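Working notes for the structure below.
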2 protein chains.
Amino acid sequence: MPTSEPIDIFKERLKAARALRGLNQAELAAKAGLPPASVSHFESGPRKPSFDNLKALATALDVTTDYLLGRADTPEASAATVGRLHRDLGKLTEQDLKLATEFVDLLVKRGIKEGE
Amino acid sequence: MPTSEPIDIFKERLKAARALRGLNQAELAAKAGLPPASVSHFESGPRKPSFDNLKALATALDVTTDYLLGRADTPEASAATVGRLHRDLGKLTEQDLKLATEFVDLLVKRGIKEGE
DNA sequence: ATGGAACTTGACGGTTTCGCCAATCCAAGT
DNA sequence: ACTTGGATTGGCGAAACCGTCAAGTTCCAT
């Protein structure tokens with residue numbers, strides 16, 4: 001069951017994405033061009049980023065804004081990679097799409113225990 | 001000289017996405033739970049949407065926020081076609097993602113020669 | 001126990017968006 | 001010419017975010 005109630009997905013996602021990149025708040029802040037305290041406010045306080053800061057954070061972390069916003073479930077390794085793959089999916093025939101689905105399904109199941 | 005840089009991509013994208021759905025500002029506003037004037041402000045004025053309103057707009061239009069923000073090139077939100085697959089991609093490890101990419105790449109190339 | 005690094009929290013004034021309303025413009029259609 | 005529906009624009013107070021700073025916490029290493 002989806003234990004994570006949507007208390008504040010953004011905070012979680014931001015922290016997760018930052019951890020994924022192995023950055024501390026100050027480093028992320030530098031990359032995104034904003035003060036360290038702001039990052040902390042986003043992760044712990046009630047603040048939500050503005051239009052521009054959201055973009056800056058997503059770019060600095062190389063994740064989609066949809067992920068940060070909780071609109072997409074993808075931990076989003078590389079936006080470019082996933083983007084290309086997704087674009088290519090559109091070129092597939094119906095049955096090839098099914099093939100691809102099965103293949104990915106396999107990978108997912110196989111990779112679950114290798115979480116970390 | 002990249003002077004041709006759109007001054008405000010968001011405005012364009014918002015208008016485009018709305019047109020794509022065949023909605024007028026009032027209708028979009030209703031769907032997103034906003035006053036019609038706000039939509040107009042976004043499309044024509046200097047205002048940029050807040051965190052919550054950005055989400056609302058993207059949801060109402062069924063596009064990614066990355067698209068609206070100009071961080072992605074395709075509206076590509078309605079993952080209805082490849083929904084499950086796209087969702088699963090997020091669960092893949094970096095290297096499995098690469099595998100999947102190659103696999104799909106193969107299918108695409110193979111499918112092209114077989115006509116449509 | 002002392003020190004430092006990472007992070008949290010609270011406050012401040014300044015800026016921007018918020019929702020709302022009213023006025024206005026514009027391109028039809030009648 | 002007049003009206004109508006869609007869109008633009010501007011002003012209003014309220015609310016939220018902004019960057020900044022200063023103190024506080026927690027935890028780890030010396």
Side-chain angles (χ1 to χ4, degrees), chain A residues 4-72 75 116, chain B residues 5-72 75:
Chain A
S4 57
E5 277 306 320
I7 300 179
D8 205 342
I9 299 183
F10 168 70
K11 287 158 60 159
E12 307 298 328
R13 291 289 168 88
L14 181 56
K15 276 190 264 193
R18 181 170 62 83
L20 190 69
R21 302 276 175 247
L23 303 170
N24 62 30
Q25 292 182 342
E27 288 167 337
L28 170 58
K31 271 191 118 183
L34 36 92
S38 286
V39 174
S40 179
H41 275 132
F42 293 145
E43 289 188 2
S44 306
R47 287 195 189 177
K48 315 221 169 179
S50 66
F51 186 90
D52 288 326
N53 287 344
L54 176 63
K55 257 200 295 189
L57 288 172
T59 298
L61 291 167
D62 191 29
V63 297
T64 63
T65 54
D66 291 270
Y67 171 70
L68 286 183
L69 291 172
R71 299 188 70 248
E116 124 193 34
Chain B
E5 266 303 319
I7 300 180
D8 207 342
I9 299 182
F10 168 69
K11 287 154 71 157
E12 307 296 329
R13 290 290 169 88
L14 182 56
K15 276 190 264 193
R18 182 170 60 83
L20 190 70
R21 304 278 175 241
L23 303 171
N24 62 29
Q25 293 182 344
E27 288 167 337
L28 169 58
K31 271 192 114 181
L34 302 171
S38 287
V39 175
S40 180
H41 276 132
F42 294 146
E43 289 186 4
S44 307
R47 285 194 190 176
K48 303 186 175 186
S50 66
F51 187 90
D52 287 327
N53 286 345
L54 176 63
K55 261 200 294 189
L57 287 172
T59 297
L61 290 166
D62 192 29
V63 296
T64 63
T65 54
D66 292 88
Y67 171 71
L68 285 183
L69 293 173
R71 301 186 71 248

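Please read these numbers as outputs of a predicted model, since none were measured by experiment. Note: hydrogens, waters and symmetry copies are ignored here, and every other heavy atom, side chains too, is used. Each chain gets a letter, A, B and so on, in the order its sequence line appears, and its residues count up from 1.
To the nearest 0.5 Å, atom NZ of residue Lys48(A) and atom CG of residue Leu69(A) are 9.5 Å apart. Atom CZ in Phe10(B) sits 11.0 Å away from atom NZ in Lys15(B) (nearest 0.5 Å). In this structure, the separation between CG on Leu57(A) and CG on Leu34(A) is 5.5 Å, given to the nearest 0.5 Å. Atoms OG1 and OH, on Thr65(B) and Tyr67(A) in that order, are 13.5 Å from each other to the nearest 0.5 Å. We find the NZ-CZ distance between Lys11(B) and Arg47(B) to be 13.0 Å, quoted to the nearest 0.5 Å. One distance of note links CG of Leu23(B) with CZ of Arg18(B); it measures 7.5 Å at 0.5 Å rounding.
Atom-to-atom, CZ of Phe42(B) to C1' of dG10(D) comes out at 16 Å; the value is rounded to the nearest Å. The nearest whole Å value for the distance from the CG atom in Leu57(B) to the P atom in dC18(C) is 9 Å. Nucleotide dC7(C) holds its P atom 16 Å from the NZ atom of Lys11(A), rounded to whole Å. Atom CD in Glu43(B) sits roughly 14 Å away from atom C1' in dT9(D) (whole-Å rounding).
The shortest distance between the side-chain N/O atoms of Ser40(A) and the OP1/OP2 oxygens of dC7(C) is not below 4.0 Å. Within the structure, a side-chain polar atom (N or O) of Gln25(A) is placed less than 4.0 Å from OP1 or OP2 of dT8(C).
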statement: Reading nucleotides 22-30 of chain D from 5' to 3' and marking B where a protein heavy atom lies under 4.0 Å of the base, S where only the sugar-phosphate is that close, and - otherwise, the string is ---------
message: Does the protein touch nucleotides 24-30 of chain C at the base, only the backbone, or not at all? Give it as B, S and - per nucleotide, heavy atoms under 4.0 Å.
response: -------
- prompt: Does the side chain to side chain contact (heavy atoms under 4.5 Å, CB included) test come out yes or no for Leu14(B) and Leu28(B), once each step is laid out?
  reply: CA-CA 10 Å; Leu14(B) 182 56; Leu28(B) 169 58; 4.2 Å; yes
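A donor-acceptor pair under 3.5 Å is formed between the side chain of Glu27(B) and the backbone N or O of Asn24(B). Although no hydrogens or angles enter the test, the distance criterion places a donor-acceptor pair under 3.5 Å between the side chain of Arg21(B) and the main chain of Asp62(B).
Listed nucleotides dG19(C), dG6(D), dT8(C) differ in distance to Leu34(B); the shortest reach to its side chain belongs to dG19(C).
Applying a 4.0 Å cut-off to non-hydrogen atoms, the residues of residues 44-56 of chain A that approach DNA chain D are Arg47(A), Lys48(A), Pro49(A), Ser50(A), Asn53(A), listed by residue number.
Summarising the geometry of Leu68(B) relative to Arg13(B), their closest heavy-atom pair is O-CB, 3.8 Å, with the distance given to 0.1 Å. Pairing each heavy atom of Arg71(A) with each of Val63(B), the nearest pair is NH1-O, 3.2 Å.
Along DNA chain D, the nucleotide nearest to Leu23(B) and the one nearest to His41(B) differ in position, and the one closer to the 5' end is contacted by Leu23(B).
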